[in-house]
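Since this is a predicted model, take the numbers as computed values, not measurements.
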Amino acid sequence: MYVPNVKYVEQYRKIQEKAQKAGVGIWSIENYAQEDGYHSDVVKKNEPEPSKNTVAIQTSPKPQPNPQPQPTPQPVQEVYYANCSEAKAAGAAPLYRGEPGYREKLDRDKDGVACEK
């Protein structure tokens with residue numbers, strides 16, 4: 001069993017007494033701190049009711065920034081031309097590097113333009 005530490009009890013009692021007399025902190029609420037403990041229900045009873053002359057001020061919530069619309073990714077359509085005749089028949093020739101249907105196999109001189117002749 002341990003002996004309670006009472007080294008500062010007198011200092012705390014003096015501070016408490018001073019606060020009680022001044023009516024500060026928990027001592028500012030009538031009947032809140034009593035011998036049997038603290039009574040939080042008293043706080044609710046002692047809260048001042050809004051006066052009829054009081055104007056209620058409503059504050060609007062801070063407007064949120066509008067999110068920027070994200071572009072809808074377009075589905076990649078795979079275009080395949082077996083040869084330049086197919087690309088020309090489809091009206092797609094000449095095909096440039098990066099365009100749908102371009103393949104290095106169709107670009108004989110490797111200049112980035114397929115089916116150019």
Side-chain angles (χ1 to χ4, degrees):
M1 182 167 164
Y2 295 98
V3 178
N5 184 350
V6 292
K7 182 176 180 180
Y8 299 103
V9 170
E10 276 308 307
Q11 283 182 316
Y12 285 123
R13 285 197 178 131
K14 287 177 185 177
I15 295 168
Q16 177 180 325
E17 188 178 315
K18 185 176 176 183
Q20 284 175 312
K21 287 179 181 174
V24 295
I26 62 175
W27 310 107
S28 65
I29 304 167
E30 188 176 348
N31 296 322
Y32 176 70
Q34 297 179 18
E35 292 294 322
D36 61 340
Y38 302 103
H39 297 267
S40 58
D41 56 324
V42 191
V43 176
K44 292 175 187 163
K45 291 178 189 174
N46 290 339
E47 286 180 354
E49 293 196 20
S51 167
K52 291 181 182 178
N53 297 334
T54 306
V55 177
I57 299 173
Q58 275 189 323
T59 57
S60 302
K62 185 176 180 181
Q64 297 296 320
N66 292 335
Q68 295 297 322
Q70 298 298 320
T72 306
Q74 298 299 317
V76 176
Q77 295 181 350
E78 290 294 322
V79 179
Y80 179 82
Y81 301 111
N83 52 45
C84 286
S85 298
E86 261 187 43
K88 289 176 185 172
L95 299 167
Y96 297 92
R97 185 178 287 128
E99 290 183 341
Y102 173 88
R103 293 184 303 130
E104 282 192 26
K105 184 177 180 181
L106 301 176
D107 187 1
R108 290 183 185 186
D109 56 0
K110 308 297 181 211
D111 65 349
V113 183
C115 306
E116 55 197 302
K117 292 186 183 177

Between the CD1 atom in Ile29 and the OG atom in Ser40, the distance rounded to the nearest 0.5 Å is 10.0 Å
Leu106 side chain near Leu95 side chain, heavy-atom distance below 4.5 Å: yes
Co-members of the apolar cluster containing Val24 [side chain, <4.5 Å]: none
side-chain hydrogen bond (donor to acceptor under 3.5 Å, both in side chains) partners of Glu17, counting only residues at least two apart: Lys21
Strictly by side chain to side chain donor-acceptor pair (under 3.5 Å), give each pair with a member in residues 105-114 just once, sequence neighbours left out. Tyr102-Asp107
In chain order, what residues pass the ring-ring contact (aromatic ring centres under 6.0 Å, His included) check against Tyr38, with sequence neighbours excluded? Tyr32
Among residues at least two apart in sequence or on other chains, which ones pass side chain to side chain contact (heavy atoms under 4.5 Å, CB included) with Gln68? none
Is the shortest side-chain heavy-atom distance between Tyr81 and Arg103 below 4.5 Å? no
If every non-hydrogen atom of Gly25 is compared with every non-hydrogen atom of Ser28, which pair is closest and at what distance? O-OG, 2.6 Å
Applying disulfide (SG to SG under 2.5 Å), which residue pairs with at least one partner in residues 80-112 are found, sequence neighbours left out? Cys84-Cys115
Side chains of residues 4-15: which donor-acceptor partners sit under 3.5 Å, not counting sequence neighbours?
unit_1	atom_1	unit_2	atom_2	d
Asn5	OD1	Lys7	N	3.1

Which pairs with one or both residues in residues 87-102 pass salt bridge (charged side-chain N to carboxylate O under 4.0 Å, His left out), sequence neighbours excluded? none
Which pairs with one or both residues in residues 8-38 pass disulfide (SG to SG under 2.5 Å), sequence neighbours excluded? none
